[in-house]
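In what follows, every chain begins at residue 1, and chains take the letters A, B, ... in the order their sequences are listed.
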Amino acid sequence: MSKRWQLALAALTVSACAPTPSSPVKVSALVLDGQGAFVPQTVELLNIEGLPEVDPITLQGPAANLVGGARITVDSNDPQLQGSLTDTQLIDALVKDKGNPPRGSYVQKDDVLWPADFDTWNLATTYYNFQQAFAYWQDVVNVPAEELTGNTVYFFAEFTLTDQSTKPQVDNALFFPPIQGFVVLPFNTLQKVPLSMSPGVIAHEFSHRVFNRRAYSGQSVPQPFNEWGGLFQTPGLNLLKSIDEGLADYHAVGASCQSPYGCDPRFLAASFDDSGTGNIVDDRDMSLGDKCLTEALWTQYQTYDANKFSNAGLQYKLGTVFASALYHAGESGGPATRVELERAVAATYADTTPATPGIRELIANNLQTPTGFTLALVANAFVQHVSDTPLKVELCNQFMDHLQISHADLPDCPASASGGTTCPALTLGTP
Amino acid sequence: MRLLPALLALVLGAALPALAQSDAPIPYDDGPSPGSYQGSGPDQSAQPYSDPDPHGREETPVEQHDREVSLARFDDPAKGLGAELLGGALLIDSAKGAGSDRHLGFGVRLTWDFGRMMADDTLHNGLFLDLVWLHGSAQAGTTTVFDSTSYHYFTLAPAFELPFASGSPFGIYAQLGVGAALESSTFTVNGGETPVGGIKPLLQYGIGLRGRPLLSQEGLARLEFRVELTRFRRGYMNDTYLGAGLGIAY
């Protein structure tokens with residue numbers, strides 16, 4: 001073969017090759033800087049020993065496995081959803097189109113991959129945000145890596161809740177337990193930083209995943225939803241949904257503390273409109289002093305069924321009150337206090353020690369007696385998992401203040417806990 | 001005035017004797033026929049008329065050159081050059097793994113029917129070479145975070161056309177070529193711009209329908225048009241162009 005033909009063949013071979021990034025892979029992504037502004041910045045996509053290496057083109061790696069073009073349909077009349085299904089069968093029935101791996105388009109300069117189009121910026125940043133959430137849970141909260149892997153992310157999926165609308169959902173990012181995966185939906189009315197480009201939003205969703213794995217043992221349809229869901233009043237389910245949301249926000253703020261900008265209780269402001277009053281950013285800002293249990297919210301939590309409670313968005317309202325108590329307790333000391341509480345909170349999700357049962361165990365203990373699964377019972381479990389006495393006292397004070405739980409209903413609180421004065425005192429039954 | 005009757009008499013007088021001759025054919029005198037020789041010596045009439053030198057006379061360089069020049073299609077004065085404007089759907093490989101993203105593609109194509117340099121009929125009529133610039137652009141994102149990307153495809157691609165019939169100006173063709181893709185994008189966040197640009201190797205292949213009918217019987221100009229399905233392998237991305245071209249060829 002002549003040299004000319006060899007060169008031509010070599011050129012064609014090169015044309016079919018992907019970039020050859022360094023290890024660790026360096027890509028440019030949209031990152032929050034020290035001033036709170038989102039700017040393109042070179043970041044590293046890290047490998048974890050024993051887990052598959054990061055592929056920057058298909059965005060597969062230890063932190064997440066992104067999937068594009070998937071179609072997920074939830075239709076109560078779907079024949080495939082009838083009968084008793086295993087978790088795998090349920091995923092197969094819901095994910096109508098399994099989709100394909102992404103194909104990020106980059107321009108390589110030196111050893112850095114620069115996204116060459118919007119979708120690739122979005123994909124690379126999304127993966128990086130999952131990596132940051134993964135790192136928070138692994139390095140800060142001390143959750144083993146094997147508990148955090150296997151995160152399928154259906155990126156810009158066609159996600160239809162047929163019972164609500166035949167049109168695909170937009171403007172959302174969620175962890176969807178029935179498919180044991182994350183779903184990032186296309187944006188429409190949300191025209192700020194796309195949800196998946198917001199590290200806080202991804203940390204929030206990642207925290208749902210951890211809660212599901214620990215408190216629900218990774219069940220696609222958690223057992224209490226089956227057992228308690230058909231009741232006329234579902235305070236147990238309302239509470240579970242609320243603490244799930246509140247804890248997700250709490251850990252999202254905790255994860256933000258690792259960024260150059262620092263702890264950001266208003267992390268939703270990057271993607272949601274934060275002007276005016278009564279907006280989602282203020283409503284979910286757990287640092288504000290107005291996150292208190294009210295008589296109305298108490299009544300709703302006690303009397304609404306799960307659908308009515310969720311449709312009114314009350315799980316966020318009650319969850320933020322719960323998170324606010326945790327947040328203020330954590331902020332009572334330095335960063336070490338905050339981290340200690342974050343670890344204690346995660347340890348409360350599941351604990352087989354009979355004397356200090358976790359949420360998973362409390363659910364199991366009350367599966368046939370849902371009225372026994374109370375706000376006070378759950379709050380006391382968190383108190384039990386804090387070993388530092390001053391922090392324990394502070395946590396008790398915050399629970400007594402924000403959630404209006406009496407000292408008597410928190411048996412593990414030290415005698416010195418006396419509550420607080422942030423929230424107005426209410427006369428409620430046993431929470 | 002006496003001259004004219006004399007001239008008439010002379011002309012008519014010269015013709016009159018011929019009219020008076022017999023109509024019987026008059027044979028040419030070809031000399032003795034080969035079979036008419038009756039003598040005992042060599043038949044002189046059988047000698048070749050050419051040079052008796054057994055090696056023949058050598059061609060002069062000019063004669064040799066003239067003989068080697070093909071006169072095939074000496075009567076086709078067209079140059080085989082054409083230019084077209086292109087337009088169609090440019091389906092850019094979706095980075096998010098959702099098939100492809102549709103965009104408008106447009107560009108310019110220069111064509112040279114280089115097969116005209118070849119004597120073989122199939123190659124003469126079938127081979128041509130395209131020099132193409134195709135452009136597409138995309139913009140995506142939110143009001144706060146968005147990206148504008150331009151794609152420029154430059155290719156040099158030989159092709160082979162099979163006419164529908166011998167001499168038909170219409171045919172189908174297949175093509176394979178190489179080139180480069182220039183990508184330039186601007187990523188904008190809250191008004192701050194980050195330019196990103198680079199060149200990627202490009203492989204082009206595809207099929208199409210091509211027509212080159214004469215614009216008039218007398219002229220050389222031809223209307224050149226195409227409908228094509230072309231694929232571009234841009235680095236490791238696969239883009240598709242489905243479009244048409246219209247132009248003129250000479």
Side-chain angles (χ1 to χ4, degrees), chain A residues 8 11-19 28 30 37-41 57-59 66-71 97 99-109 114-126 154-158 184 186-195 197 270-271, chain B residues 92-101 103 136-151 153 155-156 158 176-205 231-239:
Chain A
L12 288 177
T13 307
V14 167
S15 74
C17 285
S28 195
L30 191 62
F38 281 86
V39 293
Q41 214 170 77
I57 295 169
T58 59
L59 280 310
L66 273 63
V67 176
R71 184 165 54 88
D97 185 336
N100 304 294
R103 293 160 64 83
S105 176
Y106 297 94
V107 171
Q108 186 168 0
K109 291 189 174 175
W114 287 81
D117 56 38
F118 176 79
D119 288 333
T120 306
W121 278 104
N122 201 355
L123 287 160
T125 303
T126 299
Y154 295 99
F155 188 82
F156 274 48
E158 184 185 310
V184 174
F187 42 75
N188 183 22
T189 58
L190 296 182
Q191 288 293 312
K192 296 181 76 179
V193 175
L195 291 172
M197 286 179 142
S271 299
Chain B
I92 294 174
D93 204 353
S94 170
K96 55 180 183 283
S100 56
D101 300 322
H103 301 283
S137 61
Q139 178 159 328
T142 62
T143 307
T144 304
V145 183
F146 59 92
D147 185 275
S148 301
T149 308
S150 289
Y151 302 89
Y153 303 80
T155 58
L156 190 63
L176 175 67
V178 295
L182 171 64
E183 286 182 51
S184 66
S185 78
T186 303
F187 184 55
T188 305
V189 184
N190 277 321
E193 296 185 344
T194 303
V196 177
I199 295 176
K200 294 179 179 176
L202 194 64
L203 178 68
Q204 175 191 340
Y205 57 97
R231 294 270 284 174
F232 296 102
R233 177 90 174 159
R234 174 171 49 90
Y236 51 88
M237 308 291 278
N238 293 306
D239 306 330

For chain B, which of A:Q191, A:K109, A:M197 has the most heavy-atom pairs under 4.5 Å?
A:Q191
For residues B:R234 and A:S105, report the shortest heavy-atom separation together with the two atoms involved.
NH1-OG, 3.7 Å
Among A:A157, A:G99, A:S28, A:P194, who wins on heavy-atom pairs under 4.5 Å with chain B?
A:P194
For the residue pair B:T142 and A:L190, what are the closest heavy atoms and their distance?
CG2-O, 3.9 Å
At a 4.5 Å cut-off on heavy atoms, which part of B:D93 comes close to chain A: side chain, backbone, both, or neither?
side chain
Scanning both residues in full, the closest heavy-atom pair of B:M237 with A:R103 reads CE-O, 3.2 Å
Backbone N or O of A:Y106 within a donor-acceptor pair of the B:K200 side chain at under 3.5 Å?
yes
Using every non-hydrogen atom in the two residues, find where B:A95 and A:D119 come nearest and quote the distance to one decimal.
CB-CB, 3.8 Å
Evaluate the ring planes of A:W121 and B:F187, with Trp represented by its six-membered ring, and classify them as parallel (under 30°), tilted (30 to 60°) or perpendicular (over 60°).
parallel
Closest heavy-atom pair and its distance - A:V107, B:V196
CB-CG1, 4.1 Å
Leading residue by heavy atom contact count with chain A [cutoff under 4.5 Å; candidates B:S148, B:S184, B:A140, B:G198]:
B:A140
Do B:T144 and A:F38 touch side chain to side chain, with heavy atoms closer than 4.5 Å?
no
A:D117 versus B:T149, closest heavy-atom pair with distance
CA-OG1, 3.7 Å
Part of A:P101 within contact of chain B (heavy atom distance under 4.5 Å):
backbone
